[in-house]
Amino acid sequence: MEFTLYEQTVTFLWSLVLGTAIVCIYIIIEVIREFSPPKRLMIIAEDIIFMGIAAALNFFFALSMTHGYIRAYVLLGQMISFLLIYLTVGKLLKSLAGYCVRFISFGAVKISAPLKKLLKNISSHMSVKAKKIKK
């Protein structure tokens with residue numbers, strides 16, 4: 001079954017939208033990784049989940065737009081939008097998330113240092129009191 005030029009153009013434009021959706025999911029995963037660096041096993045699990053989501057989205061897209069056929073222009077549209085957004089907005093969001101993590105950790109260290117000192121003084125004072133009570 002042949003597709004008209006109009007159908008192919010609409011499918012290509014929707015593949016750009018799908019590529020954008022897939023890269024948004026990937027950027028969200030990367031930002032989450034920036035805030036809490038996972039272990040190697042967790043990275044593998046997240047990547048497998050991402051690949052499953054991307055594969056399901058591509059499968060349903062192919063079923064609905066190209067009657068299940070894999071078309072090169074669909075894959076090209078997804079790759080174009082994925083790379084354009086990932087290399088521009090994605091890098092920006094990831095670097096902003098990195099700055100936020102460093103800012104929050106710096107603030108936490110500055111706030112927790114006096115608190116640690118206070119708790120250490122209270123602990124040593126309570127330790128002295130406990131030794132006196134024990135005798």
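For Tyr73, the OH atom counts as densely surrounded, since its 6.0 Å shell holds more than 12 non-hydrogen atoms of other residues, nucleotides or ligands. Within a 6.0 Å radius of CZ in Arg102, other residues, nucleotides and ligands contribute more than 12 heavy atoms. Applying the 6.0 Å contact sphere to CG of Leu115 captures more than 12 heavy atoms from other residues, nucleotides or ligands. Within 6.0 Å of the CG atom in Leu118, the count of heavy atoms belonging to other residues, nucleotides or ligands exceeds 12.
For the pair Leu96/Leu92, a side-chain contact is recorded, criterion being any heavy-atom separation below 4.5 Å from C-beta on. Looking at heavy atoms from C-beta onward, Gln78 lies out of side-chain contact with Phe82 at the 4.5 angstrom threshold. Looking only at side-chain heavy atoms (C-beta outward), Ile122 and Met126 come within less than 4.5 Å of each other.
In terms of hydrophobic clustering, with Ile, Leu, Val, Met, Phe, Trp and Tyr side chains grouped at heavy-atom distances under 4.5 Å, Tyr99 and Val101 are assigned to different clusters. The hydrophobic cluster containing Leu41 does not contain Met51, counting ILVMFWY residues as joined when their side-chain heavy atoms lie under 4.5 angstrom apart, directly or transitively. In terms of hydrophobic clustering, with Ile, Leu, Val, Met, Phe, Trp and Tyr side chains grouped at heavy-atom distances under 4.5 Å, Ile48 and Phe59 are assigned to different clusters.
In this structure, Arg71 CZ and Leu75 CG are separated by 11.0 Å, a value rounded to the nearest 0.5 Å. The CD1 atom of Ile104 sits 10.5 Å away from atom CD1 of Ile111, with the distance rounded to the nearest 0.5 Å.
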**OP:** Check the pair Val10, Met65 against side-chain contact (heavy atoms from CB on, under 4.5 Å), reporting the backbone distance first and the verdict last.
**Re:** CA-CA 9 Å; Val10 169; Met65 299 300 287; 4.1 Å; yes

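Between the side chain of Ser123 and the backbone N or O of Leu119, no donor-acceptor pair lies under 3.5 Å.
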Just list the side-chain donor-acceptor pairs under 3.5 Å for residues 11-28, sequence neighbours left out, or say none.
from: Thr11; atom 1: OG1; to: Glu7; atom 2: O; distance (Å): 2.7
from: Ser15; atom 1: OG; to: Phe12; atom 2: O; distance (Å): 2.5
from: Thr20; atom 1: OG1; to: Leu16; atom 2: O; distance (Å): 2.9

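Residue pairs meeting the side-chain hydrogen bond (donor to acceptor under 3.5 Å, both in side chains) criterion with at least one member in residues 41-56, sequence neighbours excluded: Arg33-Glu46, Arg33-Asp47.
Residue Ile29 comes nearest to Phe50 through the heavy atom pair CD1-CB, 3.8 Å, listed as atom of the first residue, atom of the second, then distance.
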